[in-house]
There are 2 protein chains.
Amino acid sequence: MTSTSPRPGTDTSGAGRTPRTGDSATVQLAVSTVIFTLHRAEAGEAPRLWIPLVRRIREPFKGLWALPGGPLLPDEDLASSAARTLAATTGLSPRYLEQLYAFGAIDRSPDDRVVSIVYWALVGPDEAVRTAERENVRWVPADALTGLAFDHDRIVAYALWRLRSKLEYSQVAHALVGELFTLAELRSVYESILGSPLDPANFRRHVEASGVIEATEQYRTGGRHRPARLYRTRRDVRMADDGPLSEGQGPRPSGS
Amino acid sequence: MTSTSPRPGTDTSGAGRTPRTGDSATVQLAVSTVIFTLHRAEAGEAPRLWIPLVRRIREPFKGLWALPGGPLLPDEDLASSAARTLAATTGLSPRYLEQLYAFGAIDRSPDDRVVSIVYWALVGPDEAVRTAERENVRWVPADALTGLAFDHDRIVAYALWRLRSKLEYSQVAHALVGELFTLAELRSVYESILGSPLDPANFRRHVEASGVIEATEQYRTGGRHRPARLYRTRRDVRMADDGPLSEGQGPRPSGS
DNA sequence: TCAAAAGTGTTGATGATACACCCATGC
DNA sequence: GCATGGGTGTATCATCAACACTTTTGA
């Protein structure tokens, strides 16, 4: 029912490149990343999704904000390129990283022809805040973004859609809580991203039945209420990025 | 529960390119397509999925079979490139076309560095058979493929997995029946791709409830049994490729 | 009249939702 | 004690799988 319609088309990531208008037949290849974290702007507010943007220092779109990214280096694979960009922008390594889409519309960059392979990533909440704002890097709320360079508005919207979809059938949310967490904390991640409250009782049953968490004997005290048991994510839980597995491992399980 | 794990990694499509080992720092960009059709090898057999392969006429992997594809031309977008390749190989236009994944592992092509953006497509059953075998083009059953050039074995397996997954929550199957079809015909598409029989009664209820079909007043006679009513797919049904919509249309629906 | 597939009905299992209710803590 | 969230129990409802049964044709 939620399904929508096809057609790729848009193109992304303006790899900072000199517009070699000379040999126009060249298609440039870039890798960009939409990096999400959960962060509350003010104490007491509900957490929201934030992403880092980078100010463009060259044409096209000089001065505008854009997704972090750059040309693919010959000696790195696609995911490594995304992780490198992520580290360069935030100083962090991703808790989760998945390929989003390849954007290749002809007119997505005014002069060049750029095909961008876009990844999306999750980083931990506490860490992201500490990497405050550098020059030419700014964290902004991910919803209702406009005015980005290239087709990056649309790319962020698509990444958001993918994150929300993925919440419902995978364990990505666990990338946004600490190693030990209460069920209320995990539920808060879901509620913040989905934007709607969840029934605590049903949420508990759901995640307990899924078998992805493991109870500890520790409790979180301090609230003026009954202490909450701490859980951890089971080690053997995979986050499911629905991409093919990397070379070392077998191909995607063919069984039902 | 079916979810598996992340990590992209593999790389695909060996665009036929001269191995310019001179300027080694160049990353080449190719587009390949996994083209599925349903076809019964012998009358009376159950239909199976088949895909066309192209024999490589250059190194690397000269003489081996590979997915149809080639370098991205500067004046075409990604989906157009896939559709062009599809037409060149089969003489057909796709009933369904969706981006699969971008493969970019460093060692996927022995000498070059090639990043392949792979699409998958569905073409109609009758048509595909008519485009018989050309020289250097061969249709083969899609399951249990081995010995393809590059990492194409793995890519086909992943495309198969995606097709099967998509059957369950989208309307892709309708691309493999004619404009008018009986429910038994539509069910047969599902059964062939999933590899297991479906209960006719429950299947009927399921697709009727989904609202994607429309009853006509025509019937298919000729079987030695009660004639079956013919249905058509409702015009406003989208196939859902889960990619972002193309530029003309709005971005992915943000609602719920 | 019989086989075979079209099409309808019914039942039981399962899972999700809504919500009542008890538990344990800080103040 | 009492407010607050932690945690448990349970009734209701929708969905789905299994399968009995009726309909309508070709032979």
Side-chain angles (χ1 to χ4, degrees), chain A residues 1-3 40 43-47 165 167-170 173 177-178 180-192 194-232 256, chain B residues 1-3 40 43-47 165 167-170 173 177-178 180-192 194-232 256:
Chain A
M1 33 199 66
T2 37
S3 274
R40 65 182 82 232
E45 277 186 7
S165 306
L167 258 202
E168 299 177 1
Y169 64 95
S170 81
V177 293
L180 296 182
F181 52 89
T182 67
L183 289 180
E185 288 164 4
L186 183 61
R187 178 164 49 84
S188 161
V189 169
Y190 279 83
E191 291 175 335
S192 298
L194 296 178
S196 55
L198 299 175
D199 183 297
N202 295 331
F203 180 81
R204 163 183 299 275
R205 262 185 296 266
H206 186 75
V207 48
E208 275 177 344
S210 74
V212 301
I213 61 170
E214 205 170 59
T216 70
E217 289 310 314
Q218 304 175 58
Y219 294 81
R220 174 100 70 219
T221 56
R224 48 206 237 182
H225 51 76
R226 174 174 169 179
R229 186 186 285 270
L230 290 174
Y231 294 82
R232 74 162 57 87
S256 75
Chain B
M1 38 189 57
T2 37
S3 272
R40 65 183 82 233
E45 276 186 7
S165 306
L167 258 201
E168 299 178 0
Y169 64 93
S170 81
V177 293
L180 295 182
F181 53 89
T182 68
L183 288 181
E185 289 165 2
L186 183 61
R187 178 164 50 84
S188 162
V189 170
Y190 278 84
E191 291 176 335
S192 297
L194 295 177
S196 56
L198 299 176
D199 183 297
N202 294 331
F203 180 82
R204 162 183 299 274
R205 264 185 295 267
H206 186 73
V207 49
E208 276 176 344
S210 74
V212 302
I213 62 170
E214 205 170 60
T216 70
E217 290 309 315
Q218 304 175 58
Y219 293 82
R220 174 100 67 220
T221 57
R224 48 206 239 185
H225 51 75
R226 174 174 170 177
R229 186 186 284 270
L230 291 174
Y231 294 82
R232 75 164 57 87
S256 81

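Just so it is clear: chains get the letters A, B, ... in the order the sequence lines come, proteins before strands, and each one is counted from 1. Note that the coordinates shown come from a computational prediction; the quantities given were computed from them, not determined experimentally.
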*Shortest non-hydrogen contact from A:Ala173 toward A:Tyr190*: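 Between these two residues, the closest heavy atoms are CB-CE1, 3.3 Å.
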Interatomic distance where [atom1] belongs to [X] and [atom2] belongs to [N] [whole Å]:
| X | N | atom1 | atom2 | answer |
| --- | --- | --- | --- | --- |
| B:Leu186 | C:dA6 | CG | C1' | 15 Å |
| B:Ile213 | C:dA6 | CD1 | P | 13 Å |
| A:Leu198 | C:dT17 | CG | P | 9 Å |
| A:His206 | C:dA18 | NE2 | C1' | 17 Å |

Could I get the full list of side chain to side chain contact (heavy atoms under 4.5 Å, CB included) partners for [X], not counting sequence neighbours?
| X | answer |
| --- | --- |
| B:Thr182 | B:Ala184, B:Glu185, B:Arg220, B:Ala228, B:Leu230 |
| B:Arg205 | B:Ala201, B:Asn202 |
| B:Val207 | B:Leu183, B:Leu186, B:Phe203, B:Ser210, B:Val212, B:Ile213 |

_Base-contact (B) and sugar-phosphate-only (S) positions in nucleotides 19-27 of chain C, heavy-atom cut-off under 4.0 Å, - elsewhere_ = B---BBBS-
*To the nearest 0.5 Å, what is the distance between OG1 (B:Thr216) and CG (B:Leu180)?*
5.5 Å
*What's the spacing between A:Arg232 CZ and A:Glu214 CD if we round to 0.5 Å?*
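It is 5.5 Å, given to the nearest 0.5 Å.
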*Looking across every strand, which nucleic acid part, if any, lies under 4.0 Å from A:Arg187 by heavy atom: base, sugar-phosphate, or nothing?*
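Since only primed, P, OP1 and OP2 atoms lie under 4.0 Å of A:Arg187, the category is sugar-phosphate.
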*First contact, last contact: which nucleotides of DNA chain D are these for chain A, 5' to 3', heavy-atom distance under 4.0 Å?*
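Range of nucleotides within reach of chain A: D:dA3 to D:dT10.
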*Considering only heavy atoms from C-beta outward, does the side chain of B:Glu217 approach that of B:Arg229 to under 4.5 Å?*
yes
*Results of side chain to side chain donor-acceptor pair (under 3.5 Å) for A:Glu191 - residues two or more places apart only*: A:Arg187
